[in-house]
Amino acid sequence: RVGGVGVLPVLVSCLESAEKELQQNAAGALMNLALLDENRTAIGAVGSIPPLVKLLRARGILQSLAVGALESLALDNANKARIIEEGGIPLLVGLLASDVKSARLSAIGALQSLALLDEGKERIAASGGIAPLVEVLRCDGEDELVRALGALQNVARKPENKAEIASSGAIPLLVELLSRDDA
């Protein structure tokens, strides 16, 4: 648990540093700290979300650490709203096509959480996120598949999104998944 030692503002300022190594270390620390429920609200409240969203445009390990932190932070309702407000959804949707499995997996997980809010459902659809989430259903990775199914389930709770999910080819893929021997 993060106490009143003032480390969070320091980590946030490091995210905005020009030094990549400092950014990576700060993003990694925030990612790890955000794994604990009791830290998520405090991390979001000190202004970590705007620079983390900005770092989704980075490449490599820095991007993976930023999206990993946002995935955990998105489990907190206040942080969900902050991520959406900062324009995180289109960037997370873009990461669904990432060649880096950890970044892709965290992006799917973050979208799954963000889709619990009505605004998240709307923004995922508006950002073109439904078709790429359906496409994940074709992958062999169990973790990706489970998270994509959860994200689509949440997005489908908005009636306007159901037709787009169906027209993106989800129904035959879902039937196929249900027919698998390991289902």
Side-chain angles (χ1 to χ4, degrees), residues 12 15-18 20 23-24 26-28 30-31 34 40 43-44 47-77 79-158 160-170 173:
V12 170
L15 290 175
E16 298 169 331
S17 170
K20 292 290 183 214
Q23 289 179 314
Q24 287 176 7
L30 288 169
M31 181 181 74
R40 291 184 189 124
I43 293 170
S48 65
I49 291 173
L52 286 169
V53 168
K54 184 177 178 183
L55 291 175
L56 293 178
R57 291 182 171 93
R59 294 284 174 239
I61 188 70
L62 184 54
Q63 182 185 61
S64 293
L65 293 168
V67 72
L70 287 169
E71 178 186 19
S72 291
L73 291 171
L75 295 171
D76 176 84
N77 284 332
N79 290 336
K80 284 179 181 75
R82 289 180 182 115
I83 293 167
I84 292 168
E85 289 167 13
E86 290 299 322
I89 287 180
L91 297 169
L92 292 165
V93 167
L95 287 175
L96 296 177
S98 175
D99 292 335
V100 181
K101 183 178 180 176
S102 63
R104 191 172 57 247
L105 189 60
S106 290
I108 297 166
L111 289 169
Q112 179 181 1
S113 292
L114 295 171
L116 291 169
L117 297 181
D118 284 341
E119 188 174 0
K121 293 173 187 60
E122 292 168 11
R123 298 256 181 118
I124 289 168
S127 298
I130 290 175
L133 282 169
V134 169
E135 193 59 32
V136 174
L137 300 181
R138 298 180 192 281
C139 80
D140 294 328
E142 183 81 16
D143 290 338
E144 288 174 284
L145 182 60
V146 168
R147 290 178 190 193
L149 286 168
L152 287 167
Q153 177 185 4
N154 293 341
V155 170
R157 289 188 176 127
K158 184 135 184 92
E160 299 84 8
N161 293 339
K162 292 178 183 181
E164 186 176 349
I165 291 169
S167 69
S168 294
L173 292 170

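What you are looking at is a predicted structure, and each value in this text was computed from that prediction instead of being measured.
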message: Going by salt bridge (charged side-chain N to carboxylate O under 4.0 Å, His left out), name the pairs with one or both residues in residues 79-90, residues two or more places apart or in two chains.
response: none
query: How far apart are the closest heavy atoms of A66 and A27, and which atoms are they?
result: N-CB, 4.3 Å
message: Quick check for you: to the nearest 0.5 Å, what is the distance between L75 atom CG and S113 atom OG?
response: 4.5 Å
message: Suppose the criterion is salt bridge (charged side-chain N to carboxylate O under 4.0 Å, His left out): which pairs have a residue in residues 149-158, not counting sequence neighbours?
response: E122-K158, K158-E160
field: Test item: L55 and Q63 side chains (from C-beta on) under 4.5 Å apart, heavy atoms
entry: no
Side-chain donor-acceptor pairs under 3.5 Å in residues 94-111, sequence neighbours left out?
{"unit_1": "S98", "atom_1": "OG", "unit_2": "V100", "atom_2": "N", "d": "3.0"}
{"unit_1": "R104", "atom_1": "NE", "unit_2": "E144", "atom_2": "OE2", "d": "2.4"}
{"unit_1": "R104", "atom_1": "NH1", "unit_2": "S98", "atom_2": "O", "d": "2.5"}
{"unit_1": "R104", "atom_1": "NH2", "unit_2": "E144", "atom_2": "OE2", "d": "3.2"}
{"unit_1": "S106", "atom_1": "OG", "unit_2": "E71", "atom_2": "OE1", "d": "3.0"}
{"unit_1": "S106", "atom_1": "OG", "unit_2": "S102", "atom_2": "O", "d": "3.2"}

Donor-acceptor under 3.5 Å (N161 side chain, V155 main chain): yes
message: Once rounded to the nearest 0.5 Å, what's the spacing between atom CG of L173 and atom CD1 of I165?
response: 12.5 Å
Closest contact, heavy atoms only, L15 versus S48: CD1-O, 4.0 Å
message: Please give me the minimum heavy-atom distance between G47 and P50, naming the atom from each residue.
response: O-CD, 3.5 Å
Enumerate donor-acceptor pairs with a distance under 3.5 Å from any side-chain N or O in residues 131-139 to protein atoms, sequence neighbours excluded.
{"unit_1": "E135", "atom_1": "OE1", "unit_2": "R138", "atom_2": "NE", "d": "3.2"}
{"unit_1": "E135", "atom_1": "OE2", "unit_2": "R138", "atom_2": "NE", "d": "3.2"}

message: Are N79 and I43 packed together at the side-chain level, in the sense that at least one heavy-atom pair is separated by less than 4.5 angstrom?
response: no
statement: Rounded to the nearest 0.5 Å, the CG atom of L145 sits from the CG atom of D140 at a distance of 9.0 Å
query: Is there side-chain contact between S72 and M31, with heavy atoms separated by less than 4.5 Å?
result: no
message: So does R40 get a backbone contact from the side chain of D76, meaning a donor-acceptor N/O pair under 3.5 Å?
response: no
message: Can you give me the closest heavy-atom contact between L30 and A69, atom names plus distance?
response: C-CB, 4.4 Å
field: Pairwise distance CD(Q23) to CD1(I61) - rounded to 0.5 angstrom
entry: 13.0 Å
task: Measure the spacing between CD1 of I130 and CD of E164 and express it to the nearest 0.5 Å.
output: 3.5 Å
task: Using the test salt bridge (Lys or Arg N to Asp or Glu O under 4.0 Å), find all partners of E16 that sit at least two apart in sequence or belong to another chain.
output: none
- prompt: Hey, what do you get for CD1 (I83) to CG (L92), rounding to the nearest 0.5 Å?
  reply: 7.5 Å
statement: In short, salt bridge (charged side-chain N to carboxylate O under 4.0 Å, His left out) pairs touching residues 106-118 with sequence neighbours left out are D118-K121
query: Between N77 and L116, is a side-chain contact (heavy atoms from CB on, under 4.5 Å) present by the stated rule, with each step listed?
result: CA-CA 9 Å; N77 284 332; L116 291 169; 5.9 Å; no
